[in-house]
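Lettering follows sequence order; numbering is per chain, from 1. All values derive from a computational prediction rather than experimental measurement.
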2 protein chains.
Amino acid sequence: MDTRDQLLDAAEQLFAERGYAGTSLRAITHLAQANLAAVNYHFGSKENLLCSVVRRRVVPINQRRLEQLDAAEAAAGPAPVPVNRILRALIEPVFEAGNGDGALGIYFPRLIGWLYSESITQIEELYEAEFSEVFSRFVDALAKSLPKHPRSDLYWFIQFTLGMLVTVLMTGDRIGLCTTGHCTQEPPEMLVHRLVGFAEGGFLGRDRANTAPGSRTDTTRKI
Amino acid sequence: MDTRDQLLDAAEQLFAERGYAGTSLRAITHLAQANLAAVNYHFGSKENLLCSVVRRRVVPINQRRLEQLDAAEAAAGPAPVPVNRILRALIEPVFEAGNGDGALGIYFPRLIGWLYSESITQIEELYEAEFSEVFSRFVDALAKSLPKHPRSDLYWFIQFTLGMLVTVLMTGDRIGLCTTGHCTQEPPEMLVHRLVGFAEGGFLGRDRANTAPGSRTDTTRKI
DNA sequence: GTCTATAGTCAGATAGAC
DNA sequence: GTCTATCTGACTATAGAC
């Protein structure tokens, strides 16, 4: 089914560039050099096509996340896994997604960003199914490494971390535009490094604040 | 011009809920109880309407940000402003936007999220005009407080911080859905507190890592 | 499996009466 | 300023020949 794959590739690219609502089946079939009717033949509907596009990438990403976490836990033995190792297991697989597809891999990360804002019912169900295990495994690992943190904080912190990740992915090559030219596009490994470093600081923040009273922290207004 | 304001309010709500591409002028005029032709009469086009919606909120937000930063710098005198005070000046005004409008203020934050993913030419120009001063002022303040950080890092960190902020805003009341029920909606002050705390940890992170060699940080793999 | 043709709907924009 | 009516085009989806 060559047409099917070409449709998936074209849809991935266009959904990433223009969003779901902003992309027409005409544009997809044109880019895929397929007939307008092909989408409905192969996928049944535009929404099903989106789900197929997403599932094709998300399933391997989450597999890879769990593999990395498994490996890190095995390496740590009974000790807790270092926080930045956990965060790298969460973040890095997203940037590796589609690396085998050459130029194609650049589109999916940005699509993830769109999915964050466009709430499409089938996609939300897909998320529920695909992310619940990943989510609980990572929170468990973080709770072991950061026993002083309330579990609810860890959930929020993961949200924050994924939020940073998603917006970096969304921005993509427009990063210079968003920062009036002060940031330039960087290789994925560098972005992973930056994100992991910043998030690690966020997760450890409370420890640092408690143990370093002389630090430049304004404590005059806590809620 | 009562109709004009009703159009702005309705557009703000619907753009926030469905995005720009996903919202029709028919839906906007219906909600505003105005005629379909009213949008083009008052604003000229759908895109101009969006710009008016955005400008109405962004201008006061950025004013407030600069006011808070001015106040913090005045209070600090010659000393650098505490990092978390700078971050609060950056984050808090967004949550205050539209507070005077009662229930209406809940929509704009989510719209900001959409604008992050939907790249609309006029909006990007508006950003360029409205954000350049804010951006440079905040980077200057942060550079003074964190002299060891390369300036390019500070730009990235601000991007990360705004990214967290935006995704929290986008998620809005769907936060429970995205975290399989482990996070629940919280009052704005609490969100500001969480965001500022996490971001502060991220900004100070490098200092902490350098000065606390015994911390739970995996240094086996730096890029 | 792939195509043409088209149904049926909705979009943004505008002309012109009032 | 507001309305009705309508233009023009694009959209998803489907029916049916090949």
Output field: ring centroids B:Phe135/B:Tyr155 closer than 6.0 Å
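When the ring centroids of B:Phe135 and B:Tyr155 are compared, they turn out to be within the sub-6.0 Å range.
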Looking at B:Glu133, I want to see if its CD is surrounded by more than 12 non-hydrogen atoms of other residues, nucleotides or ligands under 6.0 Å.
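Count not over threshold, so no.
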SB check [X] [Y] (cutoff 4.0 Å):
{"X": "B:Arg110", "Y": "B:Glu17", "answer": "no"}
{"X": "A:Asp9", "Y": "A:Arg4", "answer": "no"}
{"X": "B:Arg18", "Y": "A:Glu118", "answer": "no"}

Quick check on contacts: within residues 44-54 of chain A, what sits under 4.0 Å from DNA chain D by heavy-atom distance?
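Close to the strand are A:Ser45, A:Lys46.
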Near DNA chain D, which residues from residues 14-23 of chain A have a heavy atom under 4.0 Å away?
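Listed by number, they are A:Thr23.
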Can you tell me if the side-chain N/O atoms of A:Ser24 get under 4.0 Å from OP1 or OP2 in D:dC11?
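Yes, A:Ser24 has a side-chain N/O under 4.0 Å of OP1/OP2 on D:dC11.
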Given A:Tyr20, which partner from the list A:Phe15, A:Trp114, A:Tyr116 fulfils the ring-ring contact (aromatic ring centres under 6.0 Å, His included) test?
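Answer to the ring-ring contact (aromatic ring centres under 6.0 Å, His included) test with A:Tyr20 among A:Phe15, A:Trp114, A:Tyr116: A:Phe15.
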Quick one: bend of the helix from C:dG1-D:dC18 to C:dC18-D:dG1 from 5 pairs per end, to 10°?
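Nearest ten degrees gives 0° for this helix.
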Along nucleotides 2-7 of chain D, 5' to 3', which nucleotides get a B, which get an S, and which get a -, given that the test is a protein heavy-atom distance under 4.0 Å?
BBB---
Under the rule for salt bridge (Lys or Arg N to Asp or Glu O under 4.0 Å), what residues qualify as partners of A:Glu186, not counting sequence neighbours?
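Residues passing salt bridge (Lys or Arg N to Asp or Glu O under 4.0 Å) with A:Glu186: A:Arg194.
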Go through the structure and list residues passing salt bridge (Lys or Arg N to Asp or Glu O under 4.0 Å) with A:Glu73, not counting sequence neighbours.
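By the salt bridge (Lys or Arg N to Asp or Glu O under 4.0 Å) rule, A:Glu73 matches A:Arg137.
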Within the structure provided, determine whether B:Glu125 and B:Glu128 are in side-chain contact (heavy-atom separation under 4.5 Å).
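When only atoms from C-beta onward are counted, B:Glu128 and B:Glu125 do not touch, as no gap falls below 4.5 Å.
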